[in-house]
**Q** 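I have a structure I would like to understand better, so I am pasting it below and will then ask my questions one at a time.
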Amino acid sequence: MKKFARPTLLLPMLLLSLSAHASERVWVPYKKLVEQLRLDKFYALPAAERDRLQLYITVKPENKNYKPSDVVLTAVKGTERQALPALSPDFRMTLPFNPAWMNDDTRIMTSLPKGEKSAVGLEATTTVPEGTQWTYTPVMGSVQQMNQAIKKMAGALSMFAPTIKSIVFKFAKPAQLTVGSQVFNTDTKNQIKLKPDSALLKDNPAMVLSERPFEAELSDE
């Protein structure tokens, strides 16, 4: 993917109609959203099969005039209400997985005007160790872990699912990453993209960074 799930991880981009905050209306049933994005399948995986992975949903209004703070989502079940996490500056959030909401009674409400549509997708990152010197395999092996997770999430649709190919390390400023004798420098976006190398996965050399990245995103490019 250009970024993990841009377009979405397993399904074509969902275009969901959003409703007005003044007369808060249903955006989508919680169960429907979870099942369409296969998040229930992800959280059903044993913890050891997803321990290096973090999934996010993205909710991006087609109208580019809207800011992330304009999109307020709330889970409602009967008289119970729970505000969902605020969207990050890149329209991303961790959707809470609550088995008690997996019924037709729990709905997600939205704040945007009626008729507005948003593209909904998935993105993923991998956790990285503390500090600025790591070993290669635990970090770069997350590409394989994500692909195995995608296959199980997709089930019979796995042949249409994307394949994760690299990790994009994102830095706040220009940085350098060294693996053995190889030196990688950030691009104009202060990013370094690495594809896992089978020989390095076996040898597990040190990875030395000039500074710690603020994110390590999984990508299909």
Side-chain angles (χ1 to χ4, degrees), residues 1-13 33-58 85 88 90 92-99 102 120-171 175 177-180 182 184 186 191-209 212-221:
M1 307 181 177
K2 297 182 171 91
K3 285 189 175 181
F4 184 65
R6 290 187 187 174
T8 94
L9 168 61
L10 299 174
L11 299 175
M13 194 70 76
L33 181 63
V34 167
E35 291 181 342
Q36 287 184 321
L37 295 176
R38 306 296 200 273
L39 288 173
D40 53 332
K41 304 296 184 185
F42 177 77
Y43 288 108
L45 295 173
E49 295 183 15
R50 54 182 173 85
D51 60 344
R52 285 173 280 172
L53 311 174
Q54 175 67 56
L55 291 191
Y56 303 91
I57 72 165
T58 56
S88 68
D90 51 3
R92 178 198 281 176
M93 77 172 204
T94 301
L95 180 69
F97 179 66
N98 188 339
M102 292 295 287
V120 178
L122 284 179
E123 294 183 358
T125 62
T126 183
T127 55
V128 293
E130 294 297 325
T132 56
Q133 182 166 329
W134 317 322
T135 52
Y136 185 90
T137 304
V139 176
M140 299 306 297
S142 61
V143 170
Q144 181 180 11
Q145 186 180 63
M146 188 70 250
N147 284 324
Q148 291 173 339
I150 289 173
K151 184 176 181 179
K152 292 184 178 181
M153 291 166 68
L157 298 175
S158 60
M159 68 179 67
F160 303 108
T163 299
I164 300 304
K165 298 177 182 177
S166 64
I167 299 177
V168 180
F169 298 97
K170 301 180 181 181
F171 300 86
L177 188 160
T178 302
V179 183
Q182 300 181 77
F184 303 91
T186 48
Q191 298 178 358
I192 296 174
K193 180 185 294 184
L194 286 186
K195 295 184 177 181
D197 180 282
S198 57
L200 295 178
L201 287 170
K202 181 180 294 185
D203 294 341
N204 195 25
M207 299 179 72
V208 181
L209 301 92
R212 185 174 172 77
F214 64 82
E215 182 174 281
E217 186 175 45
L218 295 162
S219 170
D220 71 344
E221 293 186 341

**Q** How long is the gap from CG on D90 to CD on E215, to the nearest 0.5 Å?
**A** 7.0 Å

**Q** Using every non-hydrogen atom in the two residues, find where R50 and F42 come nearest and quote the distance to one decimal.
**A** CD-O, 3.2 Å

**Q** Within the 4.5 Å heavy-atom criterion, are W134 and R212 side-chain neighbours or not?
**A** yes

**Q** Hey, are the side chains of L33 and L95 touching, using non-hydrogen atoms and a 4.5 Å cut-off?
**A** yes

**Q** Side chains of L200 and Q182, heavy atoms from C-beta outward: is any pair under 4.5 Å?
**A** yes

**Q** Can you tell if the side chain of I192 reaches within under 4.5 Å of the side chain of V168, non-hydrogen atoms only?
**A** no

**Q** Just by modelled atom types, is the L201 backbone N or O under 3.5 Å from a matching donor or acceptor in the T137 side chain?
**A** yes

**Q** Hey, are the side chains of E49 and K152 touching, using non-hydrogen atoms and a 4.5 Å cut-off?
**A** yes

**Q** Please tabulate, for side-chain N and O atoms in residues 143-151, each donor-acceptor pair with protein atoms closer than 3.5 Å (sequence neighbours left out).
**A**
unit_1: Q145; atom_1: OE1; unit_2: R52; atom_2: N; d: 3.2
unit_1: Q145; atom_1: NE2; unit_2: A48; atom_2: O; d: 3.2
unit_1: Q145; atom_1: NE2; unit_2: D51; atom_2: OD1; d: 2.9
unit_1: N147; atom_1: OD1; unit_2: I164; atom_2: N; d: 2.6
unit_1: N147; atom_1: ND2; unit_2: V143; atom_2: O; d: 3.3
unit_1: N147; atom_1: ND2; unit_2: I164; atom_2: O; d: 2.9

**Q** Verify, without hydrogens or angle tests, whether Y136 (side chain) and G180 (backbone) share a donor-acceptor contact under 3.5 angstrom.
**A** no

**Q** Does some side-chain heavy atom of L209 sit less than 4.5 Å from a side-chain heavy atom of F171?
**A** yes

**Q** Is there a donor-acceptor contact under 3.5 Å from the side chain of T126 to the main chain of A216?
**A** no

**Q** Angle between ring planes, Y43 versus F97, binned at 30° and 60°: parallel, tilted or perpendicular?
**A** parallel

**Q** Rounded to the nearest 0.5 Å, what separation is found between the NZ atom of K202 and the CG atom of D197?
**A** 11.0 Å

**Q** With rounding to the nearest 0.5 angstrom, report the OG1 to CD distance, T186 to Q191.
**A** 9.5 Å

**Q** Measure the CE-CG distance between M153 and L55 for me, rounded to the nearest 0.5 Å.
**A** 5.5 Å

**Q** What are the two closest heavy atoms between P85 and M93, and how far apart are they?
**A** O-SD, 3.2 Å

**Q** Does R92 reach the main-chain N or O of E123 with its side chain, forming a donor-acceptor pair under 3.5 Å?
**A** no

**Q** If we only count heavy atoms from C-beta on, is the S142 to T127 side-chain gap below 4.5 Å?
**A** no

**Q** Apply side-chain contact (heavy atoms from CB on, under 4.5 Å) to residues I167 and L218 and explain how you reach the verdict.
**A** CA-CA 5 Å; I167 299 177; L218 295 162; 3.9 Å; yes

**Q** Between K195 and S166, is any pair of side-chain heavy atoms under 4.5 Å apart?
**A** yes

**Q** side-chain contact (heavy atoms from CB on, under 4.5 Å), that's the test. Do F169 and V139 meet it? Break it down for me.
**A** CA-CA 11 Å; F169 298 97; V139 176; 4.0 Å; yes

**Q** Answer yes or no: is there a donor N or O on one side and an acceptor on the other, between the side chain of D203 and the main chain of P205, under 3.5 Å?
**A** no

